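What follows is a single structure, written as structure tokens, with notes after it.
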Amino acid sequence: MNKHQKFYLVEEEILPEAIRKTIKTKELLRLNDDLTINDAVKQLGLSRSAFYKYRDSIFPFYEATKNKIISLSILVEDKPGALSRLLNSIAEDGGSIITINQGIPLQGIAHITLSIDTKIMNVDLEAMLDKLRMLQGTKRIEVLGQS
């Protein structure tokens with residue numbers, strides 16, 4: 001990898017169709033060991049040349065977060081059990097809390113900052129974040145950064 005390469009985090013809907021289909025092709029191949037590249041690109045209506053052009057340059061966010069420390073900013077309702085539910089959910093997914101900071105609740109909302117080691121997580125980061133967002137009392141979750 002060139003040390004001068006730059007990486008960007010962008011929303012999927014702004015990507016060109018060929019790149020979106022490359023992502024979907026890689027996911028199909030990851031989920032089905034018996035599927036060939038040729039079969040996968042045919043299923044999605046993508047040319048093999050486009051797939052080979054983009055495949056090594058694009059990957060899901062969770063792949064970039066493996067074996068990393070992720071910092072999250074979380075807003076939760078100031079109600080008993082809200083923080084406990086967050087921490088238990090992270091632990092169930094194999095995340096290891098490194099630091100935790102909870103501010104004084106204001107107007108019924110508490111701000112929590114967490115650093116999580118993802119080394120032994122048993123789900124990808126996106127799945128964990130989706131699960132956390134669904135927890136009762138969770139208002140907002142943002143990824144602040146990774147190291």
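Because the structure is a prediction, the values reported are computed rather than measured.
- When all heavy atoms of Ile69 and Ser115 are compared, the pair lying nearest together is CG2-CB, 4.2 Å.
- The number of heavy atoms from other shown groups lying within 6.0 Å of CD1 (Ile104) does not exceed 12.
- In this structure, Ala40 and Thr25 approach most closely via the heavy-atom pair CB-CG2, 3.7 Å.
- Linking Ile, Leu, Val, Met, Phe, Trp and Tyr residues whenever their side-chain heavy atoms come within less than 4.5 Å leaves Leu83 and Met134 in two separate clusters.
- Pairing each heavy atom of Ala127 with each of Val123, the nearest pair is CB-CB, 4.3 Å.
- Rounding to the nearest 0.5 angstrom, the gap separating the NZ atom in Lys119 from the NZ atom in Lys68 is 12.0 Å.
- Looking only at distances, no side-chain donor or acceptor of Asn32 sits under 3.5 Å from a matching main-chain atom of Leu28.
- Following chains of ILVMFWY side-chain contacts shorter than 4.5 Å, one can reach Val10 starting from Ile23, so the two form part of one hydrophobic cluster.
- A salt bridge links Glu77 with Lys139: the closest approach of a Lys/Arg side-chain nitrogen to an acidic carboxylate oxygen falls below 4.0 angstrom.
- Under the 4.5 Å side-chain heavy-atom criterion for grouping Ile, Leu, Val, Met, Phe, Trp and Tyr, Ile141 is not connected to Leu144 through any hydrophobic cluster.
- The distance from the CG atom of Asp34 to the CG atom of Leu29 is 11.5 Å, given to the nearest 0.5 Å.
- Sorted by first and then second residue, the side-chain hydrogen bond (donor to acceptor under 3.5 Å, both in side chains) pairs with a member in residues 89-98 read Glu92-Lys131, Asp93-Lys131; sequence neighbours excluded.
- Scanning all heavy atoms of the two residues, the minimum distance from Ile90 to Met128 falls at CG1-SD, 4.2 Å.
- Under the 4.5 Å side-chain heavy-atom criterion for Ile, Leu, Val, Met, Phe, Trp and Tyr, Ile109 and Leu86 are members of distinct hydrophobic clusters.
- Taking every heavy atom of both residues into account, Thr22 and Ala18 meet most closely at OG1-O, 2.7 Å.
- Gln102 and Ala110 get closest at one heavy-atom pair: NE2-CB, 3.5 Å.
- A salt bridge is absent between Lys24 and Glu27; no separation between the charged side-chain nitrogens and carboxylate oxygens falls under 4.0 Å.
- In the displayed structure, Glu17 atom CD is contacted under 6.0 Å by at most 12 heavy atoms of other residues, nucleotides or ligands.
- Note: Leu15 CG to Lys21 NZ = 14.0 Å, rounded to the nearest 0.5 Å.
- For Thr118 (side chain) and Met121 (main-chain N/O), no donor-acceptor pair under 3.5 Å exists by modelled atom type.
- Separation of atoms CD1 (Ile116) and OG1 (Thr99) is listed at 9.0 Å; rounding is to 0.5 Å.
- For the atom pair CZ of Phe51 and CG of Leu46, the computed distance is 8.0 Å after rounding to the nearest 0.5 Å.
- In this structure, Thr113 has no side chain to side chain donor-acceptor pair (under 3.5 Å) partners at least two apart in sequence or on a different chain.
- Cluster annotation: Ile19 is not connected to Val41 through the hydrophobic network of ILVMFWY side chains, with a link wherever side-chain heavy atoms come within less than 4.5 Å.
- Note on residues 35-47: no pairs pass salt bridge (Lys or Arg N to Asp or Glu O under 4.0 Å), not counting sequence neighbours.
- To the nearest 0.5 Å, atom CD1 of residue Ile100 and atom CG of residue Leu72 are 11.0 Å apart.
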